[in-house]
Structure formats: structure tokens, C-alpha cells
Amino acid sequence: MSFAAYKMMHWPTGIENCASGFITHSRADFVPPVTPIQTDELDSEWSTRRGIGPIPNLVVTAANILEVYVVRVQEEGSRESKGPIEVKRGGFMDGITGASLEFVCHYRLHGNVETMAVLSMGGGDGSRRRDSIILTFKDAKISVLEYDDSIDGLRTSSLHCFEGPEWLHLKRGREQFARGPLLKVDPQGRCGGVLVYDLQMIILKTAQAGSVLGGEDETLGSGGAVAARIESSYMINLRDLDMRHVKDFTFVHGYIEPVMVILHERELTWAGRVSWKHHTCMISALSISTTLKQHPLIWSAVNLPHDAYKLLAVPSPIGGVLVIGANTIHYHSQSVSCALALNSYAISFDSSQEMPRSSFNVELDAANATWLLSDVALLSTKSGELLLLTLVYDGRVVQRLDLSKSKASVLSSGITTIGNSLFFLASRLGDSMLVQFSCGSRVSMLSPNVKEEVGDIEGDAPSSKRLRRSPSDVLQDIVGAEELSLYGSAPNRTESAQKTFSFAVRDSLTNVGPLKDFSYGLRINADANATGIAKQSNYELVCCSGHGKNGALCILQQSIRPEVITEVELPGCKGIWTVYHKSTRGHNTDSSKLADDDDEYHAYLIISLESRTMVLETADLLNEVTESVDYYVQGRTLAAGNLFGRRRVVQVFEHGARILDGSFMTQEISFGASNSESGPGSESATVLSASIADPYVLLRMSDGSIRLLTGDPTNCTVSVTSPTSFESSKRSVSACTLYHDKGPEPWLRKTSTDAWLSTGIGESIDGTDGAPQDHGDIYCAVCYESGALEIFDVPNLSCFFSVDKFISGKTQLIDTLTKEPPKDSQKEDKGSEKVTGLGRKESVQNMKVVELAMQRWSGQHSRPFLVGILSDGTILCYHAYLYESSDGTSRVENSVSAEGSVGLNSTSSRLRNLRFVRVPLDAYAREETSSGSPRQRITFFKNIGSYQGFFLSGSRPAWVMVFRERLRVHPQLCDGSIVAFTVLHNVNCNHGLIYVTSQGVLKICQLPSGSSYDNYWPVQKIPLKATPHQVTYFAEKNLYPLIVSVPVLKTLNQVVSSLVDQETNHQTESQNLSSDEQNRFYAVDEFEVRIMEPEKSGGPWQTRATIPMQSSENALTVRMVTLLNTSTKENETLLAIGTAYVQGEDVAARGRVLLFSLGKNPDNPQALVSEVYSKELKGAISALASLQGHLLIASGPKIILHKWTGTELNGIAFYDAPPLHVVSLNIVKNFILIGDIHKSINFLSWKEQGAQLSLLAKDFGSLDCFATEFLIDGSTLSLMVSDDQKNIQIFYYAPKMSESWKGQKLLSRAEFHVGAHVTKFLRLQMLSTFSDRAGSAPGSDKTNRFALLFGTLDGSFGCIAPLDEITFRRLQSLQRKLVDAVPHVAGLNPRAFRQFRSNGKAHRPGPDSIVDCELLCHYEMLPLEEQLEIAHQVGTTRSQILTNLSDLSLGTSFL
């Protein structure tokens, strides 16, 4: 392997930064809700409750992922909750029945976000200004992003970079910096501050409202909303102001000019010096004048404790700043100060005066905070408790601070308030949560529902969505009685009106990080006979993730494996459909029945074979009723569905259609001679495909024309029309579909320029004549052979929207009649097409859209998706959005014309404000289109196991599910290609599905219930309430032994006695401690090894046995090892555990090695685990492995090889080396790879005949290893290592090369910056792909090729896969082109991001032999013309590149 590819497979989920701001809308876009009519039983106070008010967006970052969400709130009495109020997750509180996060956009940046802030221009609730997002990146890069309506995404408004040769002087000779840039913004948005290189302050000056670049025209573009922008920047050197060690800074409220308060330490101290040198911190307030670039000091405060680390600006009207330390909280403003001691370690500067104490002990280091009200802050501590800090004030004078306990929750990494009644808890260690809070001074204000919800305050998916869920890992330790109270329990002081808060979890975002370790095991429902790629979906990853009470086992599966209820052989199937039938259905019951439509069972299953059709009844059993029904059964069926509110079934076949009422035919239509007036040759036209949307059926004929069947609901009959507009145009149609714009309000109407206003829609539809408009509007989307797309309304078929080159897959689709400003690049495409050489044109000439579908799923704010499949297997997926362009009439004129408008039927109207933005489909492997393979089809589903989305059938089947308006793609590998798919809901199969494989097997299945699909991969979380450290897999019994640690409270006496060396029993230390200090409790981690077993698929896991460790003994490693018993000459598989005693620095390190046998013990049949052997060794035993039947143990600085006699471990060889502490040990054949915590890697070999371990080579550099593994490519062996600077390196052993110093030194083969700490590599054999099989003989290098799957601390997975040279060269030259060809979000450079980071240490750069698939995946998202152009410049073809990329993703689809 000289070359490799780096590919992300599951992106980071651990959220590090969160912020809220008006990104996609302004404050003025909120219409104040109509107050609900007062009823008698409600309190009179109810009417005075505060409205929800404008709700800002939520912006989160996880490593290099940036996501924007909009918060949707369901209020009581609003029009979307007609009928019974469905109480969502979290119950009913403050007039809100539910709140959820809806996805807006997602970006993968070429750099990890260090800090983030939202630049807000402020203004009142009527303000039209929008906010911008400021991101900072390592060293000193700053990007400002704003939301652009016209592209429905973020665009960069300014970039500021302070690194590189011309800014080298800012580092003042230093190479290492403890943290990246720290960013804060002025609350009124006048400026921002960024602290870089520890002492350089960059001031970003905001552009004032009047002076927008580019004049006035931009302000009109997005309805007058303009985002805050940065105008210029300058620098302040804090060293000149005599500051040396800056810890934090912030901008305070209530001054005319921006005022920055800086927390800094004058002289450093540490815990061992505190008795001599303590209150070393101070704060200084600087008034920042951005115009004069001056910064006078206006006030300061000294003698703050040395452990103060965070500033929190107090909002107006109080003003001032809170200084948060580990043991104290101080309040300071220009005129007044006060403090609060949090525990007994807090001392005042001069110990004469006593500090006020809080009523309970707490430590506040590593806390996060936000303001709920202007005088109440919410603090989230390091143990996950939520504390409420109240400022008791009079006027602007703060008299004292009150701290009270509240709920326990997730361990947070950030916290932000969203609007006036929600906050978001971001977490890297557990699931992040959206929580609603309500503040009241009386208990009676809460509605009774809230109290019942207390038990259900788990941060879990809504109960309506998930029936059988294991509780997730958020807010879950509400078990103690004192935590069950909903209210903060501060002492009731008479002079303060005690505020009480109640909380309700409204939504949560799944997180699988931080991944400490994982193992690869068989699923419960694995199929032993599977081969090839289908075999991969037998496996799953079991991961140790989370920490403390958020610790969990995450079970991850990349592909979905449905649970089979029954299966039947059915060769030659072409399609399946299920239809409803209810005979009793009358006209008037239509609208009332719509509510329980979901629960109606299907009546018939129609199966189309090669030359006939079968019909089955779907009652309790599936009975064939083909003979006794009037369905057309002599040939194959093309489509079947329901018309007229499920009163009739329509069946379409090649030469006609039938309308049936149950099993009786009511009407038959045949195509052919009847339409002979439409021109000669039409008799032979047969139906190719059909699309059904009640009461219309759209048919695509073999001569390229389309027909429309129009239903008449009054007498349930259908008439055929041939649209005249198509007859004349003679353009032949390649795909078409009907789209039913359902939902509470038709969405597409909003995009029309002359009819309905986006605000006034709801009332007008609800009010007047509800019945006809219940059905929404029906549209028809058509793709022509030329690649153009048009959308018509039905039944008039007047064109509403058209796009010339739909086939090229542009990022945005804009109506051709819309006048585009010439500055856009869309106009230049036509020129470039002529330039492209003629030689390459023919490959694209025959490309056309073969399948088209458009759908909008249920949901108040949902927007339609448009999906097209091209003949080469590319899938184009678009999401509709609304953009009011400036050239149209303004909003005011619209509202006037809306009063008098009749409807949408005027031919002049177009959906001018409709646009589509392209959505990337992750993880989707393209089809190889061969003539024999089944064509891909799109089947929509509304409710399969309560999920909605669509299924792609074909040779690479995949599920695409819709969550929060976001598509999640989950492939299904287990059955190979799938020819037909449909939903089935009956007695035995509740909301299930049927599919037919290409082998001719029909399977009736349900989706596995335990997994959550709203993640990059389906995940099931099993809460452990403890920290998992390492997991291994025992295949024979399907068991997972794992190390967990639980914090246990112990008194100081117990802790001290465990640290004392047992031989010489010192009792001196504890005497000089006071009695209350001796009885104070400390948390000490206690370790155990749990043997876990999965019960059934998707169910809870059982702990089969636990192996406790001794006190102060930490289990460091657990492995299943196979040892050769030298007395019986048989192999035994044992569980080996390596431990270490942690007893402080005065005691010599010791450890134990323990061997257990798993299985039935003949003496004691109950016990699953029995101890076989244990032995104490010097040094911590940090790694174990079995080497050709021997046990290799790394104990401290020694590596010893033992043989196993059945009762005893005897050392037979050792290797003494510089390793300080071995973090990982890998073995292939007789080669050993050792990764050290500080001394990089060593490569050893074991020789049986001399019984010796010998060093082959090592890396002479110093490297803090995280994980190591062998990478095998055919016959070449390489060594992979990841380090603490988030890099990976590949080394190789080449004793014949001169630079290897006669083979002593390992040579570098490649290096790469991953951007995340890689904690574990797993070596898995790559699958042979389609193009490999064609040209390689069995047993060649191509088959013996292994990739490394890795997991990181951010919750991401990826793999490193070997490439052959020709593919590597092709992809590398493509990668170099894409660096310039793709517009990168936030202006980041992908090449700079992937450079090896040595953090100031000397490092000789290695070869650049890894291609970055994160950059290459942008190629498929480029427009077709650009793809061809770039492939031509690289000197290859588009299909060659796409084949290489799809081979790579197929070869690494391990799960």
C-alpha cells in the first residue's frame, strides 16, 4: 500500500458550541398570536401569561459540522391543532403543547470550529435586521456568515485572517498555544472581540445600518432584511496594557460605547502555592472606541481568587459582570460588588470579613451559563446539575446573590437561551436537549399535566413516535426524591419573591460520541447464508460512548435490516401494490374520516408478474382471490391505487385501466382506437408508467405523450383527456409524476406572485368552504427527453414553472421566466457547453430522467421534495423553498391584489417565487446501470413503523427517511437488489412493508423498533449510568465484556487509607485534619467488568455477569485471547483483564493480570464466568494480546511474553524498551506493533526458535499515540498511528532503503490531519466490488485488501482504505482541481486543513499519499457540465471518476 483514501462515514455528533440568533428570519417576521378565548376553569392569571414572542434560530457546531435549526412551537388554540389537542413530548406548559427543532442547513467545513458567536444588531421586536454567525478557527481565522434567502443557505460576508508570514510577529516567538481564538460580541452588535495568540485582541467593527456595501439594491432583495456585517478590524496588543495571562473577557451591557471587561491573572499560581499566593486575578474594563481606535481603562477590580475562569455579563437593566470561579461567584460593576461562597474552600482575600455562603456545597469549575430572565442565570455544572442563580437587586444595586438547586440534566458543553421560554443544552457527552422553562411565583399557575410528566422527563423521542423505547441518556437521573420536585429549593427568604421554574424537555439531538472504544459483532437477526455485500449487514458496531451518568453503549448499524414476519417464493415479479377498500363510505363522511385514515387496514395486495397479475386479500391470512375478482389478470399491471377517498380502486395496465369497487368492476377504459383523432400511429401506443393522485391518474405512453384520467367524485367515474398543450409541442416525455399539495395549507400557493399571501392563507381556507379545499392542490411535474422540467397545474395543465436543464443538477433551480440578475453565473453555462470538446459529448447525449417524484410529508411547515433519477443512476434530490425576488411586486402591492383575486386559474400566474435547492444524499452508493439490473423506483411511505420518507428500490436499495425536514439515507444491503416495494398495514403486520428481491422472494417485514433513525446511521442507545472504557466481543457466545467505572462517594479517611502503602502502615496524615474534613465525601471511581448480552433485536441488553475490581484498582484493558494450553495441547479462549492499582505517587505501581473462562462451569452451573488465574505484576498492565497461542502483556515499561500451562502463566521472552506506558498493542502473524503514550511506535517480531522478541525498527520522533493498527494491502504491511494532535501517520519498514539507517528507522508513507482524536482502529477486509471482479484473478492482491475503520472522540466514524496507484493518481489530480473549483463554506482551504499539525515540534513533512474523500464528494454535487469539464482537464471521464468513488464506498460498506 503506497496510497490510501480517507473517507468519513458518520459525521461528528458531539455538539461543542451553540448560539441563538435571528439568522433565517428577522424579529419582525413573527405575527403576534391571537390570544385564545378565555374559558371559566382557567386561572385569571392565565390571561396575563407572557406570549412566546419572536423565536430565534439555533446554531450548533460539532467539530467541523455547522448546522442551523429553526424552532417550531405548537401553541394551544392555534389553527394547526384543530380537533383534540395532541399533547406532544414534555406535556402542556404555558400554552405550548410542543416545540421541536426543524433543520435548515448543514455544512461540513474544512476546519474545526473553535468558538462561535452570533452578531446581533439588536433593535426591538419590529426590527427587520438579521443576525450573522461569526466562526473562529485554529490559530487566527475568523469567518462571518449570513443567511441568504435566494440560495436558501449561508454565504460568507467577510473573512479575517491573522496568520501566515506577515502576521508571524503576533506569536512573539511562541509555537504552542493552549487554546484557539476566543470570540465574544457586544450585546448591541457594535463590535466583536477575538483573542488570538493568548494576548492579541482583534476588534471587529460592525458596519452601521446606513453604510451597507453595494448601495440600496441589496436591502430590497430579501424583503428589506439585511444581516449584520463586519466593516473593518484592528488589533490591540494586551501586553502593552500590562496584561499577561488573559483567562476570559466579555462585553457588558448598559454603556454608550462598547465596554470590554477582561479577566486576567497578574502572577501565576497553582494549587500547591495557594497558601502563600492566592487572590491573583483581576478584571479590567476598557471602553472601546472603534472610530478612534482607543481603549481607555474605565474601572477595574483586584484580588479575585486564582481559580476564577469565566465572566458572565449581566443583562440590562442591572448591568455589571459575574466572575465565576471554582468555589466562589463574584459580582462586580463600576459602583458595587458582592460575592457568594459555594463551599468551604472559598476564602475571602483578607480573612477578616465573612463571605455569604450558599445553602449547599457545590463546585463550579467547568460550568456553563446562560440568562433565563434579566436577573436569573441558569448554570450547568460539571456533574450535570442545573443551578439557578438569582441576583437580588434594588434599582441597579445588586445586594446579594442567591443560588438554588434545580433539575439534574445532561453534562453540557454549552447552553443558550432561545427566545423567552426555551433554552438549549448542548453536550459532547450525551444527547443535546431543547428545554422549555416557565417561571412563576405561585405553584397554581402550572397546569396539572406538567406534574404528571415528571416521570417522563427523559430526553427521549416523543412517545407518539416511539412505542417501545429504552430510555435515552438525558435528564435521566431524576430518581432521588429531592430531585423530583419541579421547583428550585432555595431557602424561603421573606424579603425576596422566590421565583419557581418548571422545565419540560421538548426535543433532543442524538449524539454517539465520545467513542472511546468499539467492537464489531454479529447482529441478533444475522443471516448465516448471506454472501458478498449482503453479508455485511450481519454485523454491527458496539461502542463505548458518553461519560458518567450519560455513559451508554451505542449499537450502530450502517444498513437497515428489516425484521421478517414471513417470506414466500415468488419468481418473475415486476411490481406490488396494496389498496384500501371500504364499502360503507359515504360522501359526507369523507372529511371526518381523514383523521383515522392511518389505521385503516389494506384490503387487497396486487402482484404483477411477467404476463399475468395476482390479487390477494390482506385479511388475517393472505388468500389468493385472483379468480373471483374483476381485476385485469391476463397481463401485467403497471400501477394500482385508490381514488375518490378510497371508495374505488384504479388498476392501470398496458392497454387500459379499470375502476373497481371492492372486487367488482364499475368502469373499464381502453387506450388505442378511441383516440384515433390524435394522429396516426397512436393505436399502438401503450402505457409505460402511471402516477395516481386522487382523483387524477397521469399516464405516460410509449410514444412519448401523456394522458390524464380525470375522476368525477359525484358518480365515481373517470374520463380520459389528452392534454392539447402536449399534442402541439411534440416533445417526448421521459418521466412524469403527479404531486398532491396536501397538509394544513397548500404550500405551493404561497410561491405564486399574484394569488394568495403567505400570511393570509390559513384563515381563508379554514373558514369558507372547507370541503373542496381539504384535498389541496394537484400539480403535475414532467421531464422531457431534452432534460427540461416543467410543472403544470391539474386539470388545466397550464405551465407554472419550468427549468431548461434539470438534468445537469444545478445547485438551485429557478423558474426560467424569472429575470436573474446577470451577476449570477447561471448565464455562463450555455457558453461553456459549446466550448467543451465534441469527443466527450456523446456519453451524455442519451442521459435522461427515468424516474421523477415529488412529495411533501405531513407537518405544519413542511416543504415539498423533488427527486429525479437519471439514466446513469445519478439521483438528483431537491427541496423547494420560497424566495421573494426583488424584481417582482413588493409585498404591499401583493396584499392589495390578494383581496380581489379569484384563484390560481388565471393563466398568467406562475409560481415565480418557487425555487429548489439541491440536497446531497449521504452514504448513497450509485447503481451500476447494466441492462439487466432492475430499474430504480421511488416508493413513498407515510407511515412505516411511524416513519415517513421514500424507499429506493433497484440494485442498491436504500431507505430515505424524513426527520425535521431533513433526509436521512440508510442503505439496505441484506437482500441484494429489490425489484418491488410497498407498504402493508393489516392485523398481523402493523404498519409494515412488503418487498420482492431479484431472486424472487417476497418478504413481509417490519422495521426494527429499537433504533433511532434520526442520525447518520441507525443507532440504539443502551444507558449504563456509568462510564464505559473498553469493550471486546466473544463470538462463540455472542457476549460483550466491557469495562465500566462508577463514581462512589467515600469519606476522606477511606480515601487516605487506600493511598497508604499497605506494608508500612502510616496513620500520621489523617490526625491533623479536622473532624468535619475527615467526613467530607469524595467521589472515587470504582471499576468492574460487565458481561453484556443482547436479548433480541432492538430490545434491552442484559448484564449476564459482573467482575468487580478491588478498591483503588482500575481495569485498563479487557480482551478475549486464545491461548495454547501446553499441558493438554489444546487452544482455550479466555477473557483476559489487565488492571492497575492507583494509590498516589508514593506507592510503587502494581497491576494484576486476570484470566477468566466464559461458559458453563461444571462445578457451578449458574456461574457464567469463573476465574482461572490471577497474578500480580510490577507496573500497570495497560495492554494484552495473544500471540500464536502465547499471552503478550505490557506491564509498565516491560513487554513480557507468557506461555499458558493451564494453571500458570510463565514468562518466556521479554523486551525492555523506552516505552513509558503502552496504549495499544497489535499483532499480525508474528509481528507486533506497540504504540506508546509519548514515544511513538515500535515494530517488533517474535521468533519461536530462539524464543526471543526483537526490535525490527521504530519511529525516532516523539509522538503521543492514541491508537495503532496494521494496514494490509495485498502483500505489503504498513503501520498506522493516530496522535494527540488529531493526525494520522502511516509508516513502513524498509530495511533495504538507505534512509532507514540499516532498517532501524520506520519510514513515513503518508500523513494526514483528521481533525479529531482517533481512539480506535479496526481492521476489516474490503469487499471486492463490481469493477474489481471483472479484471482480477482470485487470490490476487485485490482480494487480500484491508481497510481500517476508526472512531473518534467527536462521535464520528471514518475509514482509511488502500488504493491502487492508477486510481490514486486520478483522484489526487481531481482533488487538486476541486480545491479551486468548489466554493468552500466560510472560505476555508481544504489543503491547509489536511496538513500535518506538529504543534511547534520539529517535524519533517512526509509524502502526500492520502486523498480526501470529504473534498472528492463535492464532485457529484457539481452541475453536469462542470463535472465533464473537470474530468476532461484531469484527463479522464466522468463515469470513470464516479465508478472509482462508488467502488470505494461499496468496498467499505462494512455494516
Ring centre gap for Trp1017 and Phe1357 strictly below 6.0 Å: yes
Output every pair passing side-chain hydrogen bond (donor to acceptor under 3.5 Å, both in side chains) with a member in residues 1310-1319, not counting sequence neighbours, ordered by first then second residue. Asn1287-His1313, Glu1311-His1403
Can you pull out every salt bridge (charged side-chain N to carboxylate O under 4.0 Å, His left out) where at least one residue sits in residues 1281-1293? Sequence neighbours excluded, please. none
Restricting to side chain to side chain contact (heavy atoms under 4.5 Å, CB included), what partner residues turn up for Glu1086, sequence neighbours left out? Val1048, Lys1050
Would Lys1320 and Phe518 count as a cation-pi pair here, with the cationic atom under 6.0 angstrom from the ring centre and within 45° of the axis? yes
Go through the structure and list residues passing side chain to side chain contact (heavy atoms under 4.5 Å, CB included) with Glu1299, not counting sequence neighbours. Met1297, Leu1307
Just how far is it from atom CG of Leu1271 to atom CG of Leu1348, taken to the nearest 0.5 Å? 4.5 Å
Counting the benzene-type ring for Trp, do Tyr520 and Phe1454 have ring centres under 6.0 Å apart? no
For Phe3, the option from Pro1407, Pro1362, Ser1409 that meets side chain to side chain contact (heavy atoms under 4.5 Å, CB included): Ser1409
Going by side-chain hydrogen bond (donor to acceptor under 3.5 Å, both in side chains), name the pairs with one or both residues in residues 1178-1187, residues two or more places apart or in two chains. none
State which residues pass ring-ring contact (aromatic ring centres under 6.0 Å, His included) with Phe1087; sequence neighbours excluded, sorted by chain then number. His1029
Shortest non-hydrogen pair, Gln1325 vs Asn1344, comes out as NE2-CA, 4.3 Å
Please tell me whether Phe1231 and Trp1246 form a close aromatic pair, meaning their ring centres lie under 6.0 Å apart. no
NZ/Lys1401: more than 12 non-hydrogen atoms of other groups inside 6.0 Å: yes
For a quick test of your reading: what N or O donor-acceptor pairs under 3.5 Å do the side chains of residues 1112-1121 make, sequence neighbours left out?
unit_1	atom_1	unit_2	atom_2	d
Glu1113	OE1	Gln1110	N	2.9
Glu1113	OE1	Arg1152	NH2	3.0
Glu1113	OE2	Thr1139	OG1	2.6
Glu1113	OE2	Arg1152	NE	2.8
Glu1113	OE2	Arg1152	NH2	3.4
Thr1117	OG1	Gln1030	OE1	3.1

Review item, side-chain donor-acceptor pairs of residues 1217-1225, under 3.5 Å, at least two apart:
unit_1	atom_1	unit_2	atom_2	d
Ser1224	OG	Thr1268	N	3.3
Ser1224	OG	Thr1268	OG1	2.4

Once the angle between the rings of Tyr6 and Phe1350 is folded into 0 to 90°, is it parallel (under 30°), tilted (30 to 60°) or perpendicular (over 60°)? parallel
Under 3.5 Å, is there a donor-acceptor pair between the side chain of Lys1198 and the main chain of Ser1195? no
Partners passing ring-ring contact (aromatic ring centres under 6.0 Å, His included) against Tyr1040 (at least two apart in sequence or in another chain): Tyr1033, Trp1101
Ser545 to Gly513 - nearest heavy-atom pair and separation: CB-O, 3.9 Å
Listed partners of Asn1125 passing side chain to side chain contact (heavy atoms under 4.5 Å, CB included), at least two apart: Ser1127, Thr1128, Glu1132, Trp1204
So, using side chain to side chain contact (heavy atoms under 4.5 Å, CB included) as the criterion, who are the partners of Gln1252 when residues are at least two apart? Lys1247
Listing, residues 1206-1214 side-chain donor-acceptor contacts under 3.5 Å, not counting sequence neighbours, or none:
none

